[in-house]
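Written out below as structure tokens is the structure these notes cover.
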Amino acid sequence: MSTNRKTIIVTGASQGIGAAVANLFLDRGYNVVGNSRNISSKNELQRSDNLAVVDGDIGQAATAARIVETAIKRFGRIDALVNNAGIFFAKPFTDYTMEDFRALSSTNLDGFIFVTQLAVKQMLAQKSGGSVVSITTSIVDHPLSAFTASVPMITKGGINAISRSLAMEYAQEGIRVNTVAPGIVDTPLHKDNPKDFLKTLSPLGRIAASRDIAEAVFYLTEASQVTGEVLHVDGGAHLGRW
């Protein structure tokens, strides 16, 4: 068991933003517990004695329990949580099905609740504060007509809202709750989308790298006076029309 390092849980950690977050925290001296459905068989994580991985669907309560149990058994504590696991797909509003909505809700909302409740309970027991950072998206508050994703925004917008409420609920205990709202990021989610079009969705005309989002997550995790914040990492898209 290692107790002299801080320990962070990262969901959806096998690739993309989640892997970038996990690797950055490993580089900066954290123990990391990473989760995704099949993370033990395929991932983009560096090999480290300070890394533990847990397979499973975050939309299932049993998966969240295994993640938290692994963190305690392996590293002795939980100091931070990154809710990165999520699914997202864009289509016209009238094309979404109830099956789409249930899938989005299971991963994005049920998963958030299951693991965040358990992590916060552990932080409260430790009496040393903590940090929760969740990944949402810039278009929650600043929709783009060229990128229709109304139904997923019910879930992502819900995470923004609950994060602000939790920031107030647990401020007295020193548990900070924030969100990072990326714009377009170069991840497997966009592998089939034309890059020239994606660049037009940012005033800077650039597609963010996963590392850019990871740096924002690290900042919020370490920023002891920041809570209830939505940090946009979207090349300025949240500012309005361009």
Side-chain angles (χ1 to χ4, degrees), residues 2 5-60 63-64 66-68 70-71 74-75 78-90 103-104 106-108 111-112 115 119 131-138 152 156 159 179-195 198-199 202 206-222 231 233-235:
S2 173
R5 289 172 173 249
K6 290 183 179 179
T7 299
I8 189 167
I9 293 168
V10 183
T11 67
S14 62
Q15 62 180 352
I17 292 171
V21 169
N23 285 330
L24 179 63
F25 277 86
L26 286 169
D27 287 342
R28 297 187 181 176
Y30 275 70
N31 299 315
V32 174
V33 180
N35 155 260
S36 72
R37 291 174 187 266
N38 300 294
I39 195 170
S40 61
S41 60
K42 184 178 180 181
N43 63 68
E44 298 173 357
L45 302 173
Q46 60 182 270
R47 300 298 170 255
S48 172
D49 291 338
N50 301 309
L51 171 68
V53 296
V54 179
D55 291 315
D57 176 3
I58 197 61
Q60 302 295 320
T63 300
R66 287 198 305 275
I67 293 168
V68 170
T70 298
R74 178 78 178 270
F75 302 120
I78 298 170
D79 299 283
L81 165 66
V82 178
N83 287 303
N84 171 70
I87 59 174
F88 178 90
F89 43 88
L104 289 160
S106 176
T107 299
N108 299 354
F112 173 94
V115 73
S131 168
V132 177
V133 179
S134 301
I135 307 299
T136 61
T137 174
S138 180
K156 293 297 189 180
I159 292 173
T179 62
V180 173
I184 302 299
V185 184
D186 188 11
T187 69
L189 176 69
H190 293 297
K191 63 181 172 51
D192 297 324
N193 300 131
K195 293 293 192 293
L198 294 177
K199 289 177 181 178
S202 164
R206 299 197 297 269
I207 301 170
S210 293
R211 177 81 178 200
D212 296 322
I213 313 307
E215 292 281 4
V217 171
F218 186 83
Y219 164 72
L220 289 175
T221 300
E222 293 279 320
L231 177 56
V233 187
D234 62 359

Working note: V68 + I78, criterion side chain to side chain contact (heavy atoms under 4.5 Å, CB included); need CA distance, chi angles, decisive distance, verdict. CA-CA 8 Å; V68 170; I78 298 170; 3.7 Å; yes
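- Atom CD1 of I207 is separated from atom CG of L198 by 4.5 Å, given to the nearest 0.5 angstrom.
- Two residues are said to be in side-chain contact when any heavy atoms from C-beta on lie closer than 4.5 Å; N108 and I87 meet this criterion.
- Within the 3.5 Å criterion, the main-chain N or O of S202 finds no donor-acceptor partner in the side chain of D234.
- Using a distance-only test at 3.5 Å, with no hydrogens or angles considered, a donor-acceptor pair links the side chain of T11 to the main chain of A85.
- Judged as a ring-ring contact (aromatic ring centres under 6.0 Å, His included), the pairs with a partner in residues 20-41 (not counting sequence neighbours) are, in order, F25-Y30, F25-F218.
- Not a single donor-acceptor pair under 3.5 Å links the side chain of N23 to the backbone N or O of A20.
- Proximity of R5 to N50: side-chain heavy atoms (C-beta onward) are separated by under 4.5 Å at one or more points.
- Counting heavy atoms from C-beta on, the side chains of L51 and L45 come closer than 4.5 Å.
- For D55 (side chain) and I39 (main-chain N/O), a donor-acceptor pair under 3.5 Å exists by modelled atom type.
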Could you give me the CA-CA distance, side-chain angles and deciding distance for T70 and I67, then say whether side chain to side chain contact (heavy atoms under 4.5 Å, CB included) is met? CA-CA 5 Å; T70 298; I67 293 168; 5.9 Å; no
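- Between P182 and V185, the shortest heavy-atom contact is CB-CG2, 3.7 Å.
- From N43, atom CG reaches atom OG of S36 across 7.5 Å, with rounding to the nearest 0.5 Å.
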Derivation and outcome, side chain to side chain contact (heavy atoms under 4.5 Å, CB included), residues V132 and N83: CA-CA 8 Å; V132 177; N83 287 303; 3.7 Å; yes
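- A side-chain N or O of Q46 and one of D27 form a donor-acceptor pair less than 3.5 Å apart.
- Once rounded to the nearest 0.5 Å, the distance linking CG of L220 with OG1 of T179 reads 8.0 Å.
- Between K6 and E222, some side-chain heavy-atom pair lies under the 4.5 Å cut-off.
- Once rounded to the nearest 0.5 Å, the distance linking CD1 of I8 with CZ of F75 reads 12.0 Å.
- Closest of all the heavy-atom pairs between V233 and A216 is CG2-CB, 3.7 Å.
- A donor-acceptor pair under 3.5 Å is formed between the side chain of K156 and the backbone N or O of I135.
- The shortest non-hydrogen separation linking S210 to G16 is OG-C, 3.5 Å.
- Smallest separation of non-hydrogen atoms from N84 and G12: ND2-O, 2.8 Å.
- The closest donor-acceptor contact from the side chain of T137 to the backbone of A181 lies at 3.5 Å or more, if one exists at all.
- Counting heavy atoms from C-beta on, the side chains of I9 and N35 never come closer than 4.5 Å.
- Looking only at distances, a side-chain donor or acceptor of T63 sits under 3.5 Å from a matching main-chain atom of D57.
- A 6.0 Å sphere centred on CZ of R28 holds more than 12 heavy atoms belonging to other residues, nucleotides or ligands.
- In plain terms, the two heavy atoms of A71 and T7 that are nearest each other are CB-CG2, 4.4 Å.
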Let me see the working for I58 and T107 under side chain to side chain contact (heavy atoms under 4.5 Å, CB included), right down to the final yes or no. CA-CA 6 Å; I58 197 61; T107 299; 4.1 Å; yes
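- Nearest heavy atom pair, residue S131 against residue V133, reads OG-CG2, 3.7 Å.
- Between L104 and F89 there is a side-chain heavy-atom pair separated by less than 4.5 Å.
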